Asks: 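One structure coming up, written as C-alpha cells, with questions to follow.
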Amino acid sequence: AQKVTQAQTEISVVEKEDVTLDCVYETRDTTYYLFWYKQPPSGELVFLIRRNSFDEQNEISGRYSWNFQKSTSSFNFTITASQVVDSAVYFCALSEESSGSARQLTFGSGTQLTVLP
Amino acid sequence: DTGVSQDPRHKITKRGQNVTFRCDPISEHNRLYWYRQTLGQGPEFLTYFQNEAQLEKSRLLSDRFSAERPKGSFSTLEIQRTEQGDSAMYLCASSLQRLGGSGNTIYFGEGSWLTVV
C-alpha cells in the first residue's frame with residue numbers, strides 16, 4: 001500500500017529565511033510519481049511539480065527546489081528566501097503506476113508554512 | 001480563467017437534506033476526479049471518470065454518495081441524507097490522459113465546502 005508522511009505539521013520562518021519541507025513515501029511499485037501541491041487559504045490546490053521515479057535529478061524553479069532521493073524514499077521541497085506569500089499548506093502526494101497513470105493520488109497530511117514579515 | 005471550477009463554493013445544510021455539487025473541468029481534459037478533504041488532512045480520493053464512464057470508486061464513497069458525468073464534460077456529486085460526518089471540502093480535479101500516456105498531472109479546483117448542521 002502506498003503512504004506519504006509529512007512529519008512537520010507546522011513550520012514558521014521569518015521572511016527571507018530558507019525552509020525545507022520534508023516528505024517521505026512508501027510504495028511497492030518501481031514506477032511511481034511524486035507531486036507537490038500548495039494550498040493557500042482560498043482552498044485551491046495549486047500544482048507545483050511532478051517527478052517520476054526514474055528521474056532523480058534535482059530540480060530548481062526560481063526560489064523553489066526539490067531533492068528526490070530514492071535511497072531514503074524522500075522528496076523534499078526547499079523554498080529559498082521565503083516570502084509572506086509563500087504562507088500556505090503544502091502537500092506531498094504519490095501515485096503508483098500500477099494504479100493506472102496517476103488516476104489516484106495519495107496525499108500526506110500537509111505542512112502548514114507560515115512566513116512572518 | 002480556464003481552470004477547474006466548482007459550484008457552490010460553500011454550502012450549509014441541515015442533517016438529512018440532500019446536496020449537489022457541480023464541477024466544470026478544464027475543457028480538453030478527459031479525466032475528472034472527486035476528492036474529499038477534512039480539516040488538517042490531505043485530500044482523499046473518492047472517484048474518477050474517464051469521459052462519461054465512472055471507472056473507480058473509493059470505499060469512502062458510501063451508498064448515499066453518487067457522482068455523474070453524463071456527457072463527459074461537467075460532473076455532479078450528490079450526497080443524500082447528509083450526516084454531520086459529511087462536513088468537509090469536496091475537491092474536483094481534472095487531467096488529460098493521452099493514449100498510451102502515463103503520469104498525467106491532476107489540476108484541482110478551489111473546492112466546495114460543506115457544513116452539515
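In the text below, chain A, chain B and the rest are named by the order of the sequence lines, each starting its count at 1. Nothing here was measured: the structure is a model prediction, and the numbers come from that model. Heavy atoms only: backbone and side chains are in, while hydrogens, waters and symmetry mates are out.
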Asks: Does any N or O in the side chain of Tyr37(A) come within less than 3.5 Å of the main-chain N or O of Phe108(B), such that one atom is a donor and the other an acceptor?
Replies: no
Asks: Just how far is it from atom CG of Leu48(A) to atom OG1 of Thr105(B), taken to the nearest 0.5 Å?
Replies: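 With rounding to 0.5 Å, CG (Leu48(A)) is 11.5 Å from OG1 (Thr105(B)).
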Asks: Is it the case that atom CD in Glu68(B) sees more than 12 heavy atoms from other parts of the structure closer than 6.0 Å?
Replies: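 No.
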Asks: Do Tyr35(B) and Leu105(A) come close enough that some side-chain heavy atom pair is under 4.5 Å?
Replies: yes
Asks: Quick check: is Trp113(B) connected to Phe21(B) through a chain of hydrophobic side chains (ILVMFWY, heavy atoms under 4.5 Å apart)?
Replies: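 As far as the 4.5 Å side-chain criterion goes, Trp113(B) and Phe21(B) are not connected within one cluster.
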Asks: Are the side chains of Gln41(B) and Phe91(A) in contact, using a 4.5 Å heavy-atom criterion?
Replies: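 SC-SC contact between Phe91(A) and Gln41(B) ruled out.
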Asks: Applying a heavy-atom distance below 4.5 Å, give me the residues of residues 110-117 of chain A that approach chain B, sorted by number.
Replies: none
Asks: How about NZ on Lys57(B), more than 12 heavy atoms from neighbouring residues, nucleotides or ligands closer than 6.0 Å, or not?
Replies: no
Asks: Would you say Pro43(B) and Leu45(A) make side-chain contact, with heavy atoms under 4.5 Å?
Replies: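 Yes, side chains in contact.
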Asks: For residues Glu110(B) and Gln39(A), determine if any side-chain heavy atom of one lies less than 4.5 Å from a side-chain heavy atom of the other.
Replies: no
Asks: Any disulfide (SG to SG under 2.5 Å) pairs touching residues 39-71 of chain B, not counting sequence neighbours?
Replies: none
Asks: Is it true that, when you exclude Arg64(B) itself, more than 12 heavy atoms of the residues, nucleotides or ligands shown sit nearer than 6.0 Å to its CZ?
Replies: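 Atom CZ in Arg64(B) is crowded, with more than 12 foreign heavy atoms closer than 6.0 Å.
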Asks: With a 4.5 Å cut-off on side-chain heavy-atom distances among I, L, V, M, F, W and Y, is there a chain of contacts connecting Val46(A) to Tyr90(A)?
Replies: no
Asks: Provide the full list of salt bridge (Lys or Arg N to Asp or Glu O under 4.0 Å) pairs with a residue in residues 3-12 of chain A, sequence neighbours left out, each pair given once.
Replies: none
Asks: Does any backbone or side-chain atom of Gln37(B) lie under 4.5 Å from a heavy atom of chain A? Answer side chain, backbone, both or neither.
Replies: side chain
Asks: More than 12 foreign heavy atoms under 6.0 Å from CD of Gln57(A): is that the case here?
Replies: no
Asks: Select all residues of residues 75-83 of chain A having any heavy atom within less than 4.5 Å of some heavy atom of chain B, and report them by number, or 'none'.
Replies: none
Asks: Linking I/L/V/M/F/W/Y whenever any side-chain heavy atoms sit under 4.5 Å apart, do Tyr48(B) and Val4(B) land together?
Replies: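 Both belong to a single hydrophobic cluster.
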Asks: Is Tyr107(B) reachable from Leu46(B) through a run of I, L, V, M, F, W or Y residues, each pair having side-chain heavy atoms under 4.5 Å apart?
Replies: no
Asks: Is it the case that one hydrophobic cluster holds both Leu91(B) and Ile26(B), taking links as side-chain heavy atoms less than 4.5 Å apart, direct or via other members?
Replies: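 Linked, Leu91(B) and Ile26(B) end up in one cluster.
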Asks: As an exercise: rank Ala93(B), Gly42(B), Gly40(B) by heavy-atom pairs under 4.5 Å with chain A and give me the winner.
Replies: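 Winner by heavy-atom pair count: Gly42(B).
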Asks: Could you measure the distance from the CD1 atom of Ile106(B) to the CZ atom of Phe35(A)? Nearest 0.5 Å is fine.
Replies: 6.0 Å
